[in-house]
Amino acid sequence: MTAHLPLPIFSPSLDPALERVDIELPQGRAYPIWIGQDLWSNPDTWSSLPKARLALVVSNTVVAPLYAKKLIETLGRQYERVELLALPDGEHFKTWETMNLIFDRLLECGADRKSVLFALGGGVVGDITGFAAACFMRGVPFVQVPTTLLAQVDSSVGGKTAVNHPLGKNMVGAFYQPEQVVCDLGALQTLPARELSAGLAEIIKYGPIADMAFLAWLEDHLELLRQKDPLALAVAVKRSCEIKAWVVSQDEKEGGIRAILNFGHTFGHAIESGLGFGEWLHGEAVGCGMVMACELSCALGLVDQAFVDRMRRLIARAGLPTRAPDLGVQTYLAHMSHDKKAVGGEIQFVVIDAPGRASVRRAAKEVVTQVIEHCVAL
Ligand code: NAD
Ligand code: GLY
């Protein structure tokens with residue numbers, strides 16, 4: 001772990017056209033996250049990338065028709081050959097089999113170790129493409145080009161890559177960092193409202209774990225965010241990336257503090273797997289999971305009920321579910337025991353120690369059972 005760094009102070013005044021957040025990693029590794037408007041069609045955005053003959057843009061059947069042409073045209077100025085691969089869309093296709101389509105195309109095109117992959121899409125495309133880049137020829141460069149709010153504020157940053165296994169979400173993957181992340185805020189204008197809400201869940205997460213000033217700003221600007229106001233989106237994406245970069249810089253491979261980014265995810269993953277992948281969106285499950293994790297923090301005597309109610313109100317205003325689905329307590333417990341934070345079958349949770357500060361703790365099964373029963377009945 002690198003030395004503890006101070007979190008930059010939250011400032012909502014910025015340039016919505018172009019902002020930069022740097023993510024610093026051990027051994028002098030670092031990469032920029034660019035946030036702004038019309039970035040993909042600007043050749044300057046890509047000029048510092050490694051030189052190569054071939055670039056492969058990996059997208060999906062929904063995003064490629066919207067944005068691939070613009071990106072490929074610009075990349076064509078820099079790479080001799082630019083190929084497009086549109087994967088099938090959706091969490092159901094976040095599999096080893098889908099990832100193989102990337103290897104097939106790379107080999108068909110005669111890719112070499114310098115070939116660069118571009119992940120143009122949401123978290124699903126980003127996670128699969130990043131993992132493919134980590135594996136192909138033992139590692140080729142890749143660039144995150146996130147097109148959902150969730151991907152711009154969370155999944156494209158920090159180098160977690162994975163595919164799902166039938167027995168568990170994100171169970172097969174690698175830590176593998178991109179060359180850079182390019183968040184073009186204009187892409188969010190075509191995002192369906194439900195997907196925007198899913199992204200808001202991961203944004204709200206950063207408040208209770210790290211920055212209550214940001215949480216208060218979100219309370220004041222939630223309607224503007226839901227209306228896709230460009231300035232509000234720029235502030236929310238930049239602050240989220242700053243907080244994520246701050247955490248990942250201290251703990252790249254989740255030996256410690258990085259686990260706080262999983263706030264709400266232990267309950268959330270149980271909801272996703274328990275209902276069947278795709279029934280609730282990942283962000284929806286995280287939204288409800290955060291309510292459950294706040295209730296757990298309250299049951300453990302760490303925060304008061306007023307804080308839990310404040311979080312529940314904001315999550316509901318973001319268009320996210322706050323009542324837990326009735327899967328049965330045993331189903332919750334069984335799915336949570338597969339969580340990557342579980343040690344020797346004992347479940348661990350990210351809890352709020354005090355508003356703006358989080359940690360990982362064990363909780364007695366009786367307390368967790370009470371919380372689940374309470375959140376199902378709400
Ligand atoms: P997603 O990638 O499935 O995208 C959501 C939907 O929006 C898809 O149908 C997609 O085709 C469509 N879409 C994408 N961009 C669009 C645009 N600009 N306009 C219109 N439609 C668009 O879902 P997601 O919420 O972006 O990502 C969820 C995934 O991210 C999950 O698999 C989750 O496990 C993963 N994740 C990873 C990390 C990480 O650190 N690596 C963090 C959080 C989540
Ligand atoms: N989304 C959690 C993490 O990146 O660690």
Side-chain angles (χ1 to χ4, degrees), residues 23 40 58-68 70-71 86-95 98 119-131 134 144-164 168-171 173-178 181 183-203 205-206 209 228 233 240-241 243-245 247-266 268-269 272-273 277-278 280-287 340-341 350:
I23 176 154
W40 300 340
V58 181
S59 189
N60 70 26
T61 50
V62 171
V63 177
L66 295 171
Y67 300 110
K70 188 160 57 167
L71 177 62
L87 302 174
D89 179 41
E91 185 74 33
H92 291 298
F93 291 102
K94 190 177 171 183
T95 60
T98 304
L120 175 69
V124 171
V125 166
D127 280 12
I128 303 179
T129 308
F131 189 31
Q144 288 278 14
V145 191
T147 62
T148 62
L149 185 59
L150 183 141
Q152 296 195 350
V153 300
D154 190 355
S155 64
S156 66
V157 174
K160 276 192 184 175
T161 72
V163 293
N164 296 333
K169 189 172 161 63
N170 294 335
M171 279 297 158
F175 286 99
Y176 193 68
Q177 301 292 345
V181 180
C183 304
D184 198 321
L185 300 167
L188 302 178
Q189 295 302 326
T190 54
L191 196 64
R194 189 175 168 200
E195 298 291 350
L196 192 92
S197 290
L200 288 173
E202 300 282 14
I203 294 176
K205 165 184 88 177
Y206 293 113
I209 64 168
K228 300 181 178 172
L233 285 171
S240 300
C241 289
I243 296 174
K244 181 141 189 191
V247 172
V248 173
S249 297
Q250 297 172 68
D251 177 20
E252 183 183 5
K253 298 200 173 161
E254 203 167 305
I257 188 179
R258 184 165 180 167
I260 68 170
L261 296 174
N262 294 323
F263 176 56
H265 286 58
T266 307
H269 283 168
E272 275 187 282
S273 335
F277 289 130
W280 280 22
L281 300 178
H282 175 73
E284 292 171 336
V286 168
K340 289 195 272 316
K341 286 184 298 306
V350 180

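Indexing begins at 1, ligand by ligand and atom by atom, following the structure's order.
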* **Side-chain donor-acceptor contact under 3.5 Å, Ser59 with Tyr67** => no

* Asked: Is the shortest distance from a Lys or Arg side-chain nitrogen in Glu252 or Arg258 to a carboxylate oxygen in the other one below 4.0 Å?
  -> no

* Asked: So do the side chains of Thr147 and Trp40 get within less than 4.5 Å of each other, counting heavy atoms only?
  -> yes

* Glu254 versus Asn262, side-chain donor and acceptor atoms under 3.5 Å -> yes

* Asked: ligand 1: which residues have a non-hydrogen atom closer than 4.0 Å?
  -> Asn60, Val62, Val63, Leu66, Tyr67, Asp89, Glu91, Lys94, Gly122, Gly123, Val124, Asp127, Thr147, Thr148, Leu150, Asp154, Ser155, Lys160, Lys169, Asn170, Ala187, Thr190, Leu191, Pro192, Glu195, Glu202, Lys244, His282

* Could you tell me whether the side chain of Glu202 and the main chain of Val153 form a donor-acceptor pair under 3.5 Å? => no

* Residue pairs involving residues 122-131 (criterion salt bridge (Lys or Arg N to Asp or Glu O under 4.0 Å); sequence neighbours excluded) -> Lys94-Asp127

* Going by distance alone, is a donor N or O of one side chain under 3.5 Å from an acceptor N or O of the other, for His282 and Glu272? -> yes

* Heavy atoms, side chains only, cut-off 4.5 Å: are Val157 and Val248 in contact? -> no

* Asked: Which protein residues have a heavy atom closer than 4.0 Å to any atom of ligand 2, listed by chain and number?
  -> Asp154, Lys160, Lys244, Glu254, Arg258, Leu261, Asn262

* Asked: Going by the salt bridge (Lys or Arg N to Asp or Glu O under 4.0 Å) test, which pairs reach into residues 144-159, not counting sequence neighbours?
  -> Asp154-Lys205, Asp154-Lys244

